[in-house]
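Below you'll find the structure, written out as structure tokens, and then a few comments.
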Amino acid sequence: MRYLVSVIDDTSNSATPDEMTAIHAFNDGLKADGHWVFAGGLAAPGTATVVDNRGGEALITDGPFVETKEYMAGFWVMEAPDLDVALRLAAAGSKACNRRVEVRPFL
Amino acid sequence: MSAIDVHEAIGLVHREEWARIVASLTKRFGDLDVAEEAAAEAFAAAVERWPADGVPPNPGAWLTTSANRKAIDRLRREHKRDDKHREAQMVYGDGPSEPLGAIDDDRLRLIFTCCHPALAMETRVALTLRMVGGLSVPEIARAFLVQETTMGQRISRAKSKIKAARIPYRVPSAEDLPARVSGVLAVLFLVFNEGYLATGPGTDPVRPDLTAEAIRLARLLRALLPDDGEVAGLLALMLLTEARRTARVSAGGELVALDEQDRGAWDPALIAEGHRLVRERLAAAAAGAVPGRYQILAAINAVHTSARDIRDTDWSQVVALYDQLVRLDPSPIIVLNRAVAAAELDGPAVALAAVDGLEDTLSGYHAYHATRADLLRRLGRSDEARAAYDAAIGLAGNSAEIAYLTRRRDQLGS
């Protein structure tokens with residue numbers, strides 16, 4: 001079972017060096033325990049571009065598809081047998097990156 | 001057996017067997033929805049057949065067999081092949097990592113799943129009443145004053161989330177257990193309080209169906225977790241509160257304060273059961289166990305229910321217990337309740353000073369104004385008391401309490 005753990009942020013500040021150290025240590029733990037699938041930090045929402053090719057001609061627009069105060073600053077994709085395990089990992093991840101996270105199951 | 005007797009028998013079996021049947025079906029089929037529907041169909045079949053065929057010698061076994069068959073029928077109808085279905089099954093473990101006494105009951109798994117912290121509180125309450133309590137969706141909707149369709153959606157959304165996010169069907173690990181038990185207790189206490197302090201102009205001031213259901217679920221939890229002090233504490237607290245239920249509201253629908261209640265109308269059997277549990281926890285505390293908030297609240301209620309009348313109440317004991325509670329949970333509501341008890345020891349002026357200090361946090365809470373009103377009345381400060389009664393009446397939601405506060409206000413001298 002896979003879970004998307006999104007990092008919620010409302011500032012454009014990247015992780016501090018201390019936070020990066022904690023995130024690396026957390027990631028090492030995920031890998032060692034077989035929970036790691038993928039993870040990454042994302043550039044600010046202002047760098048996003050929206051593409052709509054539903055009409056046959058790709059329409060390109062500047063900016064994120066929805067303007068919000070809070071946005072996804074990064075994410076993990078984790079392997080976990082059930083939500084209890086995913087929540088425990090997410091709690092440790094939230095502590096490591098010093099931000100709130102959202103846990104959402106893959107279909 | 002008459003038709004009425006058969007229906008009574010079905011009601012009894014429903015109360016005793018519903019949770020067990022839903023729990024065992026959930027374990028077997030890995031799906032709450034299938035379990036709930038099959039259990040409901042089995043009971044519907046009993047209602048249809050038992051009046052003619054008679055109540056079977058082992059009603060629980062009859063219902064379990066019938067529900068199992070109905071679940072299999074449904075899964076066949078949906079063309080779910082065995083392997084595909086197994087894939088979608090809920091995850092369950094065979095038990096906690098450390099044994100919880102000798103008890104390993106599927107109903108405990110069911111309770112922890114329904115009260116999972118990833119579900120909203122109102123959802124946990126609804127799901128627990130449906131899956132564990134066996135209340136129908138319309139009954140739960142009526143209890144919480146929402147539309148049936150809204151309640152139905154709330155419950156089916158919860159079942160979808162449990163399935164999609166894989167909320168496990170498992171007793172939590174020893175490490176998580178205290179926090180998770182406390183989450184379950186919060187659900188049961190909310191159900192009890194909704195019955196005991198029912199809100200809304202159109203509702204009865206007390207809803208014994210809800211208090212009785214909360215006590216029934218707390219007794220079940222107590223049977224499943226006999227060594228948990230807070231489970232015992234909450235059950236004792238409910239019993240000692242419920243024991244005073246009939247004395248607490250007058251025939252005219254007005255709240256009767258503790259000092260005016262007819263103590264002869266209190267239920268001696270519930271008090272004896274509650275006192276036994278409190279004594280058990282006091283013995284555990286003497287042996288070094290640290291009591292949680294429900295145990296302390298139960299002990300406070302044991303002091304009240306041990307007194308012949310209000311003057312006979314051991315107020316210093318009550319205040320000492322509130323002090324213990326404040327150390328555990330220094331929330332303003334606890335401080336307010338401590339002040340009410342302290343008024344009996346130190347007088348209303350001292351208590352009023354303590355209560356006035358809570359204005360910033362509690363000015364939107366009716367009990368804050370009701371407490372001030374009573375203390376001001378006792379101090380002879382009628383004008384201020386009247387204003388405080390007005391504020392309390394404006395904020396109170398319980399019809400019996402509003403009637404009581406209104407009478408007290410109208411009796412004030414000038």
Side-chain angles (χ1 to χ4, degrees), chain A residues 1-10 22 25-40 42 65-66 68-107, chain B residues 26-27 30-33 80 83-98 100 106 108-121 123-124 127 157-184:
Chain A
M1 181 75 185
R2 282 184 179 178
Y3 294 88
L4 174 68
V5 178
S6 316
V7 177
I8 306 164
D9 207 349
D10 57 3
F26 172 66
N27 287 347
D28 290 344
L30 289 180
K31 286 171 189 162
D33 298 333
H35 297 299
W36 172 270
V37 179
F38 187 75
L42 296 172
F65 72 100
V66 56
T68 52
K69 206 169 153 291
E70 292 181 319
Y71 60 91
M72 197 209 275
F75 63 90
W76 283 276
V77 177
M78 298 179 183
E79 187 70 48
D82 61 56
L83 189 66
D84 280 357
V85 177
L87 292 178
R88 206 172 304 135
L89 295 171
S94 164
K95 190 168 192 171
C97 71
N98 193 28
R99 280 160 179 78
R100 293 189 298 145
V101 301
E102 179 197 276
V103 180
R104 198 160 154 191
F106 278 77
L107 277 176
Chain B
T26 305
K27 183 173 177 181
D31 188 313
L32 275 178
D33 207 27
K80 280 195 180 165
D83 48 345
K84 191 183 168 200
H85 176 245
R86 204 164 292 133
E87 227 171 76
Q89 274 189 357
M90 295 170 72
V91 230
Y92 69 86
D94 280 332
S97 45
E98 283 169 34
L100 289 165
D106 287 333
L108 203 52
R109 291 192 177 86
L110 187 63
I111 291 168
F112 280 113
T113 301
C114 292
C115 295
H116 197 275
L119 301 170
M121 193 60 182
T123 305
R124 290 184 225 170
L127 203 60
R157 264 202 308 272
K159 287 185 293 194
S160 305
K161 176 165 181 180
I162 288 170
K163 207 170 182 173
R166 280 219 193 190
I167 289 180
Y169 191 55
R170 183 171 52 211
V171 175
S173 64
E175 166 197 13
D176 294 340
L177 198 64
R180 294 289 303 276
V181 169
S182 131
V184 173

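Predicted model, so just to flag it, every value in this text is computed and none were measured. Letters go in sequence order (proteins before strands), and every chain restarts at 1.
Asp82(A) contributes atom CG, which lies 4.0 Å from atom CZ of Arg170(B) (distance to the nearest 0.5 angstrom).
Remark: Arg180(B) engages Asp84(A) in a salt bridge (charged side-chain N to carboxylate O under 4.0 Å, His left out) (not counting sequence neighbours). With sequence neighbours left out, Asp28(A) forms a salt bridge (charged side-chain N to carboxylate O under 4.0 Å, His left out) with no residue at all.
More than 12 heavy atoms of other residues, nucleotides or ligands lie within 6.0 Å of CZ in Arg99(A), so this atom counts as buried by the packing criterion. Shown here is Phe38(A), whose CZ atom has no more than 12 heavy atoms of other residues, nucleotides or ligands within 6.0 Å.
Of the atoms belonging to Leu87(A), it is side-chain heavy atoms, and not backbone ones, that fall under 4.5 Å from chain B.
Residues Ser173(B) and Arg88(A) approach most closely at OG-NH2, 4.3 Å, considering heavy atoms. Smallest separation of non-hydrogen atoms from Pro105(A) and Ala164(B): CB-O, 3.3 Å.
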